[in-house]
2 protein chains.
Amino acid sequence: MSTPSTPDPAPRRNRADALRNTEAVLEAAKAAFAELGVEAPIRDIAARAGVGVGTVYRSYPQRSDLIVAVFRRELQATADEADRLADEHPPAEALRLWARSLARFVATKRGFAAALHSGDPAYQPLPSQFIGVLAPRVQRILDAGARDGSLRGDVRAEELIPALSRLADDREPETGGRMVDVLLDGLGRS
Amino acid sequence: MSTPSTPDPAPRRNRADALRNTEAVLEAAKAAFAELGVEAPIRDIAARAGVGVGTVYRSYPQRSDLIVAVFRRELQATADEADRLADEHPPAEALRLWARSLARFVATKRGFAAALHSGDPAYQPLPSQFIGVLAPRVQRILDAGARDGSLRGDVRAEELIPALSRLADDREPETGGRMVDVLLDGLGRS
DNA sequence: GTGACAACCGGAACAACGTTCCGTATAGTT
DNA sequence: AACTATACGGAACGTTGTTCCGGTTGTCAC
């Protein structure tokens, strides 16, 4: 406010060791999530990364930050696939194919879907982070389907995605897949 | 093995104070579940009942025992309703009406559906207890629907009930209800 | 190279919870 | 009234999330 001399008030670059640690924690979390599910103990993640718990909390104040960081790449791939499928297939088929893609994503992330819907404050930002990325792409498919009459128009992506991820999160992947199919059958026609 | 004298080896009747306490814990748990959800702290339940935690564990070694005991009556009512609806309505309609009944049950038991599918060992007996009671009644409806062609025949009650309870367990009851309807639409026809 | 300081680190410390265990109290019987 | 199997209470232990602070270490200016 007072000194107009510094146009970019960014005070300092991040320290190199801090960046290294942030990366190490990310890798450790990825391994821990794969092995123990997304509710792996923070202490465990810290130990794998060779750092103290304080360091984990500094880089990722909320557990959801860590989850989002670990799965960002795969999440983005799933989102991109929605666009690709929308371009290459009619809406109803694109939606069905994309649902399988989502089911694969959910099935390989133990505890992810449960965390998504838990209501636990530690996971509170997760739904918006997760659905925020996916919903616009899926909504495009739903809109196209509503236009050509192949999909009913009264379900929004923001409610469909949680429903699909809930159904897909079954101990028996085959059962989860079948229930997803049934739900999509219910979306068919108008 | 050695002494054939005692045909009924039941050694002693339950003590009256123990019965009183078991009942007090049940009432306390009912209140705690309603207020805090099914993962209410055991200490909290014990305090409400005016009892030590050891007493809670003696009557209900697993948390799932407490949950089943608390909801047994309502669960039974929901199960009975399946029979009633099956007698009074055609299969597809009976199923839809029953699904609403299940949705109401789930919606008013905070955390119940999540516990049902959590995989947490503390809740491990819950699915069989819960689904074991409901499934036979619901299967009757599904079978009738498969016979008259109004419902597809490739979905079993054991997988439908978890799916419905997952969908119904939404922060927005209206959304949950709509997704349940969509799933049932998918079950329609063959 | 050296000094100084902000940034960062590690892990101790605290709180909440599930669960076990055992010395004490007591209901029911003799 | 005395006795004993039964049940009780809650201390104690292990695990987890989360905060906090004394000590350490990059980084920059000189």
Undergrad: Tell me: CG of B:D44 to P of C:dA15, nearest whole Å?
TA: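 Those two atoms, CG and P, are 19 Å apart.
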
Undergrad: On DNA chain D, check which nucleotide each of A:Y57 and B:T22 is closest to and give me the residue with the more 5' one.
TA: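 Nearest-nucleotide comparison on DNA chain D picks B:T22.
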
Undergrad: If you compare every side-chain N and O of A:N21 against the phosphate oxygens of C:dC8 (OP1, OP2), does one of them come in below 4.0 Å?
TA: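 False: A:N21 side-chain N/O out of range (4.0 Å or more) of C:dC8 OP1/OP2.
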
Undergrad: Mind running side-chain contact (heavy atoms from CB on, under 4.5 Å) on B:T175 and A:E158 for me, showing each step along the way?
TA: CA-CA 10 Å; B:T175 293; A:E158 288 82 15; over 6 Å; no

Undergrad: Could you work out which one of C:dT20, D:dT16, D:dC8 sits closest to the side chain of B:A18?
TA: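 For the B:A18 side chain, the nearest candidate turns out to be D:dC8.
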
Undergrad: Does A:R58 make a side-chain N or O approach to OP1 or OP2 of C:dC9 shorter than 4.0 Å?
TA: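 Looking at the OP1 and OP2 atoms of C:dC9, one of them is under 4.0 Å from a side-chain N or O of A:R58.
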
Undergrad: Please determine if a side-chain N or O atom of B:R63 lies less than 4.0 Å away from the OP1 or OP2 oxygen of C:dG18.
TA: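 It does, given that an N or O in the side chain of B:R63 lies less than 4.0 Å from OP1 or OP2 of C:dG18.
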
Undergrad: Select from B:R20 and B:A40 the residue whose nearest nucleotide in DNA chain C is closer to the 5' end of that strand.
TA: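 Mapping each residue to its closest nucleotide by heavy atoms, the 5'-most match is B:A40.
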
Undergrad: When you measure from the side chain of B:A16, which nucleotide among D:dG9, C:dG28, D:dT16 comes out closest?
TA: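 From the listed options, C:dG28 comes nearest.
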
Undergrad: In whole angstroms, how far is the P atom of C:dT19 from the CD1 atom of B:I45?
TA: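 Going from CD1 in B:I45 over to P in C:dT19 covers 12 Å.
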
Undergrad: To the nearest angstrom, how far is A:Q62 atom CD from D:dT16 atom P?
TA: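 In whole Å, D:dT16 P and A:Q62 CD are 20 Å from each other.
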
Undergrad: Under the criterion side-chain contact (heavy atoms from CB on, under 4.5 Å), I'd like the reasoning laid out for A:W98 against A:L164: C-alpha separation, chi angles, the key distance, then a yes or no.
TA: CA-CA 11 Å; A:W98 182 79; A:L164 289 174; 4.2 Å; yes

Undergrad: Please give, in whole Å, the distance from D:dG17 P to A:D120 CG?
TA: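 Rounding to the nearest Å, CG of A:D120 and P of D:dG17 are 10 Å apart.
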
Undergrad: Relative to the 5' end of DNA chain D, which residue comes earlier, B:L19 or B:R43, by the nucleotide with the nearest heavy atom?
TA: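 Here B:L19 is the residue nearer the 5' end.
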
Undergrad: In this structure, how many angstroms lie between the P atom of C:dT26 and the CG atom of B:N14, rounded?
TA: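 B:N14 atom CG is separated from C:dT26 atom P by 20 Å.
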
Undergrad: Has the side chain of A:R15 got a donor or acceptor atom sitting under 3.5 Å from an opposite partner on the base of D:dT27?
TA: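 For A:R15, whose side chain was compared with the base of D:dT27, there is no donor-acceptor pair (under 3.5 Å).
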
Undergrad: Within the pair A:T55 and C:dG10, is there a side-chain N or O less than 4.0 Å away from OP1 or OP2?
TA: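 Yes, because at least one side-chain N or O of A:T55 sits under 4.0 Å from OP1 or OP2 of C:dG10.
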
Undergrad: Report the residue from B:I67, B:L75, B:T78 that forms a side-chain contact (heavy atoms from CB on, under 4.5 Å) with B:F130.
TA: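 Running side-chain contact (heavy atoms from CB on, under 4.5 Å) over B:I67, B:L75, B:T78 with B:F130 returns exactly one hit, B:L75.
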
Undergrad: More 5' along DNA chain C: B:G54 or B:D17, using each one's nearest nucleotide?
TA: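 Closest to the 5' end, via its nearest nucleotide, is B:G54.
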
Undergrad: Do NZ/NE/NH1/NH2 and the carboxylate oxygens of A:R100 and A:E81 come within less than 4.0 Å?
TA: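 So A:R100 does not pair with A:E81 through a salt bridge.
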
Undergrad: Using whole Å, what does the distance between atom P of nucleotide C:dC8 and atom OH of A:Y60 come to?
TA: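 Interatomic distance, OH of A:Y60 to P of C:dC8: 14 Å.
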
Undergrad: Walk me through whether B:E159 and A:E174 qualify under side-chain contact (heavy atoms from CB on, under 4.5 Å).
TA: CA-CA 11 Å; B:E159 47 195 11; A:E174 207 233 318; over 6 Å; no

Undergrad: Rounding to a whole Å, what distance do you find between B:E39:CD and C:dT19:P?
TA: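 Nearest whole value for this atom pair: 13 Å.
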
